[in-house]
Amino acid sequence: MPHHAEHSRGIHIHPSILSADFARLAEELARIRNADAVHVDVMDNHFVPNLTLGLPVVQAIRRATELPLDVHLMIQDADRWAPDYAEAGAESVTFHAEAAGAPIRLARELRSHGAKAGMALKPATAVEPYLDMLEELDLLLLMTVEPGFGGQPFLDVVLPKIRRAREALDGSGVPVALQVDGGVTRDTIMRAAEAGADVFVAGSAVYGAEDPEAAIDELRSAPLR
Ligand code: DX5
Ligand code: ZN
């Protein structure tokens, strides 16, 4: 019998390959076999001041692992590009609310392509304007760093928003995963889990470790301590 409410929600760990060696992606994917999914950060140097990878690399990753792909699009004009990632076989495709012209239409389009629909909010974007569209989503990502780079410190200022989102989700009863991304470590994961998150992206905490699979297990059990 879990003694914290968050345990009944489960703890899902999605390592971010942003912190992996991009020249050896297949090997790096083989080092996280116990992950719940692999988080793939797509950046276009417009929505964020960094450039990573795009559709051809996501297609190659799809062929190189059996893990589900959790694609996080940090790109402008998400309406135009996001459906291609669903078509490429991503389990979930997450666009930024700040970069979507028609988020409800886009979420429906992603679902129609067979993907889970995710929507992300930057740390300073309020969740309240989006609470009425939760049933259009399978995943809500609350960024706990300013998107663009791995290895930044967790922003505790986002914790109240995580709590408010959790209350809204529990109140409405719609089954939306509540994901946090940025600065997740063995220390900060407890605070995010207590606030109500149930999916945790971790880049440097996994790939910066000597043994990434052990790091995943430690993150998964950290909120239980
Ligand atoms: C940042 C990316 C994150 C990043 C997290 O914009 O969205 O997924 O990889 O890296 P860490 O866990 O090192 O903060
Ligand atoms: Zn990310």
Side-chain angles (χ1 to χ4, degrees), residues 11-22 25 28-29 31-32 35-54 57-58 61 67-76 78 81-82 85 90-100 115-125 138-159 162 177-193 197-210 212-216 218-220 222-223:
I11 303 287
H12 304 271
I13 308 295
H14 292 192
S16 167
I17 52 149
L18 184 60
S19 299
D21 181 348
F22 275 13
L25 276 180
E28 295 284 68
L29 289 163
R31 295 172 76 205
I32 57 165
D36 293 295
V38 55
H39 183 86
V40 183
D41 289 304
V42 176
M43 305 187 191
D44 68 351
N45 198 35
H46 291 276
F47 183 70
V48 289
N50 195 7
L51 184 66
T52 54
L53 51 87
V57 177
V58 171
I61 291 170
L67 290 171
L69 301 194
D70 161 28
V71 173
H72 177 193
L73 300 176
M74 285 160 277
I75 60 173
Q76 296 285 30
W81 302 107
Y85 291 85
E91 180 184 62
S92 62
V93 178
T94 300
F95 60 85
H96 267 267
E98 302 90 347
K116 294 180 179 172
M119 191 176 73
L121 303 178
K122 292 166 74 173
T125 301
D138 302 292
L139 185 161
L140 178 65
L141 167 53
L142 301 181
M143 291 301 299
T144 43
V145 297
E146 293 289 359
F149 301 93
Q152 303 180 79
F154 184 88
L155 293 173
D156 280 284
V157 71
V158 179
L159 288 171
I162 299 170
L178 186 53
Q179 185 179 76
V180 290
D181 180 10
V184 171
T185 64
R186 271 197 290 173
D187 174 37
T188 61
I189 195 171
M190 302 188 196
R191 305 207 283 281
D198 54 6
V199 183
F200 304 86
V201 177
S204 42
V206 170
Y207 278 109
E210 205 55 46
E213 294 191 350
I216 291 167
E218 282 171 23
L219 285 170
R220 206 177 263 131

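All values below were derived from every heavy atom in this structure, side-chain atoms included, with hydrogens, water molecules and symmetry-related copies excluded. Note that this is a predicted model, so its numbers are computed, not measured. Ligands are counted one by one from 1 in listed order, and the atoms in each one are counted from 1 as well.
The protein heavy-atom contact nearest to atom 12 (O) of ligand 1 is G203 N, 2.7 Å. If you check which protein heavy atom lies closest to atom 9 (O) of ligand 1, you get S16 OG, 2.8 Å. Counting protein heavy atoms only, atom 6 (O) of ligand 1 is closest to G148 N, 2.7 Å. Looking only at protein heavy atoms, the nearest one to atom 14 (O) of ligand 1 is G183 N, 2.8 Å. Of the protein's non-hydrogen atoms, the one nearest atom 1 (C) of ligand 1 is F149 O, 3.5 Å.
Heavy-atom contacts of V201 reach the following atoms of ligand 1: 8 (O) (cutoff under 4.0 Å). Residue D181 approaches ligand 1 through these ligand atoms, each under 4.0 Å from one of its heavy atoms: 2 (C), 3 (C), 4 (C), 5 (C), 7 (O), 8 (O). Of all atoms in ligand 1, numbered sequentially from 1 with element shown, those under 4.0 Å from a heavy atom of M143 are 7 (O). Listed by atom number, the atoms of ligand 1 under 4.0 Å from H72 heavy atoms are 7 (O). Near P147, the atoms of ligand 1 lying under 4.0 angstrom from a non-hydrogen atom of the residue are 6 (O). Near G150, the atoms of ligand 1 lying under 4.0 angstrom from a non-hydrogen atom of the residue are 10 (O), 13 (O). The contact set between ligand 1 and H39, taken as ligand atoms under 4.0 Å from a residue heavy atom, comprises 8 (O). Atoms of ligand 1 found under 4.0 Å from any heavy atom of G182, numbered from 1 in the order shown, are 14 (O).
Counting heavy atoms closer than 4.0 Å to ligand 1, residue A202 contributes backbone atoms (N, CA, C, O) but none from C-beta onward.
When you scan the N, O or S atoms of H39 for the one nearest the Zn ion (ligand 2), you land on NE2. Residue-level check: among N/O/S atoms of H72, ND1 sits closest to the Zn ion (ligand 2). Atom OD1 is the N, O or S atom of D41 at the shortest distance from the Zn ion (ligand 2). When the Zn ion (ligand 2) is compared with the N/O/S atoms of D181, atom OD2 turns out nearest.
The N/O atoms of V184, backbone and side chain alike, include none that comes under 3.5 Å of an N/O atom in ligand 1. Polar contact check, M74 against ligand 1: no nitrogen or oxygen pair lies under 3.5 Å apart. Considering backbone and side-chain N/O of S204, one or more are found under 3.5 Å from N/O of ligand 1. Of the N or O atoms in E146, none lie within a sub-3.5 Å distance of an N or O in ligand 1.
Panel note: side chain D44, backbone F47; a donor-acceptor pair is recorded below 3.5 Å. Q152 contributes a side-chain N or O that, together with a main-chain N or O of E146, makes up a donor-acceptor pair within less than 3.5 Å. Side-chain N or O atoms of D181 include none that pairs as donor or acceptor with a backbone N or O of M143 at under 3.5 Å. Side chain of T188 to main chain of G183: a donor-acceptor pair is present (N/O by atom type, distance under 3.5 Å, no hydrogens or angles). The closest donor-acceptor contact from the side chain of D36 to the backbone of H14 lies at 3.5 Å or more, if one exists at all. Judged purely by atom type and a 3.5 angstrom limit, N50 uses its side chain to pair as donor or acceptor with the backbone of G148.
For the pair S204 and S16, the minimum side-chain heavy-atom distance is 4.5 Å or more. Using a 4.5 Å heavy-atom threshold, the side chains of L159 and F154 count as touching. Counting heavy atoms from C-beta on, the side chains of V93 and K116 never come closer than 4.5 Å.
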Step-by-step side-chain contact (heavy atoms from CB on, under 4.5 Å) determination, M43 to L18:
CA-CA 10 Å; M43 305 187 191; L18 184 60; 3.7 Å; yes
Check against side-chain contact (heavy atoms from CB on, under 4.5 Å), I162 and T144
CA-CA 10 Å; I162 299 170; T144 43; 4.3 Å; yes
Report the C-alpha distance between L53 and F22 in whole Å, list the side-chain angles of each, state the deciding distance to 0.1 Å, and finish with yes or no for side-chain contact (heavy atoms from CB on, under 4.5 Å).
CA-CA 10 Å; L53 51 87; F22 275 13; 3.9 Å; yes
Start with the C-alpha distance between H72 and D70, add both sets of side-chain angles, then the distance that settles side chain to side chain donor-acceptor pair (under 3.5 Å), and finish with yes or no.
CA-CA 6 Å; H72 177 193; D70 161 28; over 6 Å; no
Starting from the C-alpha separation in whole Å, work towards a yes-or-no answer on side-chain contact (heavy atoms from CB on, under 4.5 Å) for Y207 and I32.
CA-CA 9 Å; Y207 278 109; I32 57 165; 3.4 Å; yes
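In this structure, A205 does not count as a contact residue of ligand 1, since none of its heavy atoms falls inside 4.0 Å of the ligand.
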